[in-house]
Amino acid sequence: MLSAFYLRCALSYKIRNKNLDNTLFYLLLCSHQGLISMGEHLVIVESPAKAKTIEKFLGSNYTVKSSFGHIRDLSKKNLGIDIEKGFEPDYLISDDKKKVVSDLKAAVKKAATVWLASDEDREGEAIAWHLSDVLKLDKENTKRIVFHEITKVAIQNAIENPRQIDMDLVMAQQARRVLDRLVGFELSPILWRKVKPKLSAGRVQSVALRLIVEREREIQNFKAKSSYKIDGIFNPEGSAKSVKVYAEIPEKFNTEKDALSFLEKSKGARFNVASIEEKETKRTPAAPFTTSTLQQEASHKLGFSLSQTMRAAQNLYEAGHITYMRTDSTNLSKLALAAAAKTITELYGKNYSKTRQYATKSKGAQEAHEAIRPAYLNITEIGGSPVEKKLYALIWKRTIASQMADASIIRTLVTIESDSVKHKFEATADKVLFDGFLKVYMETKEEDSGEKEIEFNLPELRIDQEMNPISIKAAEKFSQKPPRYTEASLVKRLEELGIGRPSTYAPTITTLGQRGYVIKESRPGNERSYKEFLLEKGEIKSSVKSETWGVEKNKLFPEDIGILVTDFLTANFTSIIDYNFTAKIEGDFDKIAAGELKWNKVIADFYTPFHETVDKTLATSRPTNAVRLLGVDPKSGKNVYVRLGRFGPLAQIGEADDPQKKYMSLSKGQLIETITLEGALKLFNLPRTVGDYNGEDIIAAIGKFGPYIKYRSSFISLGKDYDPYTVEVADCIKLITEHAKKEANKKIQSFPEEGIEVLRGRFGAYIKKGKENYKIPKGKDPETIDLATIKEIILKQKK
DNA sequence: CAGTGAGCGAGCTTCCGCTTGACTT
């Protein structure tokens with residue numbers, strides 16, 4: 001009866017569908033004939049969203065479950081590794097995975113065959129092995145399958161080509177896991193003892209930190225060089241007066257003297273067109289998104305943080321709008337390529353379509369997934385939050401553009417010269433012959449590259465045509481300091497070094513922040529003056545102008561503790577935080593995967609010298625740079641130090657055993673390494689009595705939340721417009737009256753004898769008694785609510 | 001909301017990579 005049902009199902013499948021269900025038909029026939037025992041098929045994948053999709057492709061006798069990533073990890077007690085027994089790992093099922101495992105166990109009981117369909121990479125292979133170990137699967141009824149894309153054809157291919165678990169690959173993962181544990185759990189405790197508790201170090205995070213610290217030092221040591229840039233505006237002879245040609249001299253002039261002498265010689269000089277050159281250039285679209293390029297572009301184009309991008313991408317993935325968001329592959333499935341060609345042809349015409357595959361260039365890529373792309377390329381926009389909509393649009397454009405034709409651009413280069421001067425002016429104009437992919441998407445260039453994307457028009461010009469100079473300007477320019485890392489540019493650098501994985505880029509940078517190693521913030525720039533010389537109507541006028549430079553927006557700045565930890569690790573564990581450490585050890589992991597090396601031999605070769613250094617460091621070293629003597633305080637004659645205290649960096653006047661010694665916290669942005677004596681002494685000018693108002697003192701200081709003034713019992717933030725060191729009484733009084741007005745506005749009702757107030761807050765009206773806040777239930781009017789009701793509400797909400 | 005910087009010395013902190021919710025305000 002039952003077998004007849006199976007056969008009927010199989011036949012109807014065969015009729016309805018040609019491809020995948022051949023397999024199902026075969027499988028069902030097998031079960032009908034008793035070749036495999038009667039029962040369900042269980043497929044285990046890593047992600048529940050993936051499970052849901054796959055289930056749709058498979059018949060009803062397939063159950064698809066998810067392992068939610070790894071189900072086991074090394075025990076957290078001690079090392080979780082028995083070093084004596086050849087680094088034997090002690091694996092444990094973590095508490096949050098116990099339910100997953102028991103669910104899977106129950107599903108296994110009901111299944112005749114288990115298909116382990118975790119990702120086709122080192123971690124995926126290990127997940128498959130842990131599953132088979134924990135679920136006690138037997139070889140006969142267990143099959144390892146992989147697919148790179150979630151399509152019927154790919155799944156069909158996978159099912160037709162099952163294999164066994166690749167134990168060499170599993171051992172390569174085990175080596176990776178054990179190495180990271182050894183490094184992390186031996187280095188971190190050294191930091192607890194030598195620097196501060198709860199700090200951390202690891203193969204990935206410590207290198208990421210080092211990049212930020214070294215960049216900061218490059219910036220601090222950078223000396224801006226000044227040079228002169230010369231631009232000219234010309235009017236072609238015979239054209240209307242309004243026609244202007246903007247040209248520049250590509251070479252820089254190193255000194256003011258050189259620039260001025262050029263302008264002098266240009267006085268009354270005759271300029272003419274020396275050459276006109278046209279060159280056709282092609283531009284090719286960028287590859288489809290990987291995790292790292294998505295993070296970079298979402299940051300450049302949309303201003304999203306890493307976590308914002310990843311959260312939105314996760315939502316899009318779970319809603320079925322995009323493919324998997326943690327990938328290092330730029331590969332697109334055949335299905336996607338065809339869909340892209342169709343969509344592009346429909347939207348823009350056939351000549352805009354060009355099917356391409358991109359080779360993944362990043363170091364250490366494992367390519368278990370497709371590139372990040374829309375699940376359905378014909379869907380140009382989706383519903384959802386504004387962030388999700390924007391991110392989807394970005395992914396759609398990037399994917400579509402990657403399958404579009406090259407853009408063809410004609411660049412015209414005109415040189416303008418004079419017998420009187422040596423240097424030639426150049427004017428350029430870009431004309432787009434065929435926009436191709438540019439119709440949809442242009443990749444954002446590295447920051448501050450200065451390349452202008454404006455299309456300049458040049459008037460018709462001919463060789464030897466005279467060009468009358470309207471004005472020639474020499475402006476002082478300064479060389480640019482190296483840029484501080486943004487989250488996105490740090491990810492880019494880590495990926496280039498082959499350090500970290502798509503799933504860890506964002507969390508690693510979060511960790512650096514949590515440890516107090518780095519801070520992401522914006523800082524205002526500084527003013528600087530520059531000289532400008534303008535030759536106009538035969539006269540050179542000089543002027544001094546002012547510009548803002550060094551504005552930093554959402555950049556990663558190292559903190560003192562991060563600098564200290566980096567210096568400590570570089571001094572004692574050079575090889576671990578070497579930029580090439582990961583790349584080198586990955587080579588060994590590859591050999592383990594290829595069966596050429598034994599995993600615990602690789603670990604032993606690393607561990608023996610490493611552990612020796614750990615012991616030596618524990619016994620001898622002191623953290624470097626812990627205290628800096630800045631000089632002598634002229635007022636007291638005592639020494640001024642800066643150092644790390646219990647709560648952060650501080651300045652100290654007087655020796656440690658001086659009972660009169662004084663402390664002040666360093667301000668935001670000040671580093672122990674770079675603070676000056678003046679900067680440190682200035683800190684002690686606060687708190688400062690600005691003056692009095694109605695007979696009471698106004699005090700200015702810097703607190704937990706920045707600069708503020710205190711008047712009576714109110715604290716008023718000074719914000720960006722006032723400096724606590726220099727703010728004057730008049731400004732303070734203005735702030736105090738504004739503050740009082742705001743406070744009065746907030747008050748709806750007041751019962752002073754009870755200490756109760758009804759206030760207007762950010763989220764609407766609320767009740768305040770002492771320091772506690774209470775919600776006003778719906779339906780009660782805050783304007784008229786009476787004391788008895790309020791007391792009731794307070795009593796109720798206290799519980 | 002608006003500091004702190006001493007000393008008992010218990011018991012804890014920490015890694016990287018896979019994956020999602022479960023929490024509070």
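Throughout, a chain's letter reflects where its sequence line sits, starting with A, and its residues are numbered from 1.
At a threshold of 4.0 angstrom between heavy atoms, the contacts of Gln205(A) are confined to the sugar-phosphate backbone, with no base atom among them. At the heavy-atom level, Gly202(A) lies under 4.0 Å from the strands shown only through sugar-phosphate atoms. Nucleic acid contact for Thr582(A): none, since no nucleic acid atom lies under 4.0 Å from a heavy atom of the residue. Residue contacts shown for Ala201(A) are limited to sugar-phosphate atoms, with no base heavy atom under 4.0 Å away. Within the 4.0 angstrom heavy-atom criterion, no nucleotide atom of any strand lies near Pro502(A). Residue Thr508(A) is classed as having no contact, given no heavy-atom separation below 4.0 Å to the nucleic acid. At the heavy-atom level, Leu199(A) lies under 4.0 Å from the strands shown only through sugar-phosphate atoms. As judged by a 4.0 angstrom heavy-atom cut-off over every strand, Gly648(A) is placed among the base-contacting residues. Across all strands, Val183(A) comes closer than 4.0 Å to no nucleic acid atom at all (heavy-atom distances). Ser118(A) comes within 4.0 angstrom of no nucleic acid atom, judged by non-hydrogen atoms across all strands.
Between the CG atom of Asp103(A) and the C1' atom of dT20(B) there is a distance of 14 Å, rounded to whole Å. One atom, NZ of Lys76(A), and another, C1' of dT13(B), lie 11 Å apart when rounded to the nearest Å. Leu569(A) places its CG atom 13 Å from the P atom of dC15(B), with the value rounded to the nearest Å. Going from atom CD1 of Ile699(A) over to atom C1' of dA2(B) covers 12 Å, rounded to whole Å. Distance CG (Asp96(A)) to P (dC23(B)): 13 Å, rounded to an integer number of Å. Atom-to-atom, CG of Leu191(A) to P of dC15(B) comes out at 10 Å; the value is rounded to the nearest Å. Between the P atom of dC16(B) and the CD atom of Glu495(A) lies a distance of 18 Å, rounded to the nearest Å. Computed from coordinates, the Tyr91(A) OH to dG17(B) C1' distance equals 12 Å when rounded to whole Å.
Paired with Ser118(A) under the rule side chain to side chain donor-acceptor pair (under 3.5 Å), one option of Arg144(A), His70(A), Glu125(A) passes, and it is Arg144(A).
The distance from the CD atom of Gln295(A) to the CG atom of Leu490(A) is 10.5 Å, given to the nearest 0.5 Å. Note that the CD atom of Gln514(A) and the NZ atom of Lys198(A) stand 12.0 Å from one another [nearest 0.5 Å].
Distance from the side chain of Phe705(A) is smallest for dA2(B) among the nucleotides dA2(B), dT14(B), dC15(B). Which of dA2(B), dC15(B), dC18(B) sits closest to the side chain of Ser188(A) comes down to dC15(B). The side chain of Phe647(A) sits closest to dT4(B) out of dT13(B), dT20(B), dT4(B).
Put simply, Ser47(A) has no side-chain N or O that comes within less than 4.0 Å of OP1 or OP2 on dT19(B). When the side-chain nitrogen and oxygen atoms of Tyr505(A) are compared with OP1 and OP2 of dG17(B), none of them lie within a distance under 4.0 Å. Put simply, Arg501(A) has a side-chain N or O that comes within less than 4.0 Å of OP1 or OP2 on dC18(B). The shortest distance between the side-chain N/O atoms of Thr504(A) and the OP1/OP2 oxygens of dC16(B) is not below 4.0 Å. For Tyr517(A), no side-chain nitrogen or oxygen approaches OP1 or OP2 of dT14(B) to under 4.0 Å. The side chain of Arg193(A) contributes no N or O atom lying less than 4.0 Å from OP1 or OP2 of dC12(B). Not one side-chain nitrogen or oxygen of Arg176(A) sits closer than 4.0 Å to the OP1 or OP2 atom of dC15(B). Between Tyr663(A) and dA6(B) there is a side-chain N or O to OP1 or OP2 distance below 4.0 Å. At dG17(B), none of the side-chain N or O atoms of Gln173(A) fall inside 4.0 Å of OP1 or OP2 (strictly under the cut-off). Listed pair Gln652(A) / dG5(B) fails the phosphate criterion, with no side-chain N or O lying under 4.0 Å from OP1 or OP2.
Nearer to the 5' terminus of DNA chain B, by closest-nucleotide assignment, is the contact made by Pro197(A) (compared with the other of Ser503(A) and Pro197(A)). When the nearest nucleotides of DNA chain B are assigned to Asp73(A) and Leu650(A) by heavy-atom distance, the more 5′-ward of the two goes with Leu650(A).
For the pair Arg515(A) and Tyr517(A), the cation-pi criterion (under 6.0 Å, within 45° of the ring axis) is not fulfilled. Geometrically, Arg326(A) does not engage Tyr505(A) in a cation-pi contact defined by less than 6.0 Å to the ring centre and at most 45° from the axis. Judged by a 6.0 Å distance limit and a 45° cone about the ring axis, Arg176(A) is not positioned over the six-membered ring of Trp599(A). Cation-pi geometry between Lys194(A) and Phe568(A) is not met: the NZ or CZ atom fails to fall both under 6.0 Å from the ring centre and inside 45° of the normal.
For Arg181(A) against dC16(B), a side-chain-to-base donor-acceptor contact under 3.5 Å is absent. No N or O donor and acceptor, one from the side chain of Ser665(A) and one from the base of dG3(B), sit under 3.5 Å apart.
With centroids closer than 5.5 Å and planes inclined by less than 30 degrees as the test, Phe68(A) and the base of dT20(B) fail to qualify as a stacked pair. Per the stacking criterion (ring centres < 5.5 Å, plane angle < 30°), Phe715(A) does not stack onto the base of dC1(B).
Between Lys710(A) and Asp697(A), none of the side-chain N atoms (NZ, or NE/NH1/NH2) sits under 4.0 Å from a carboxylate O, so this pair counts as no salt bridge.
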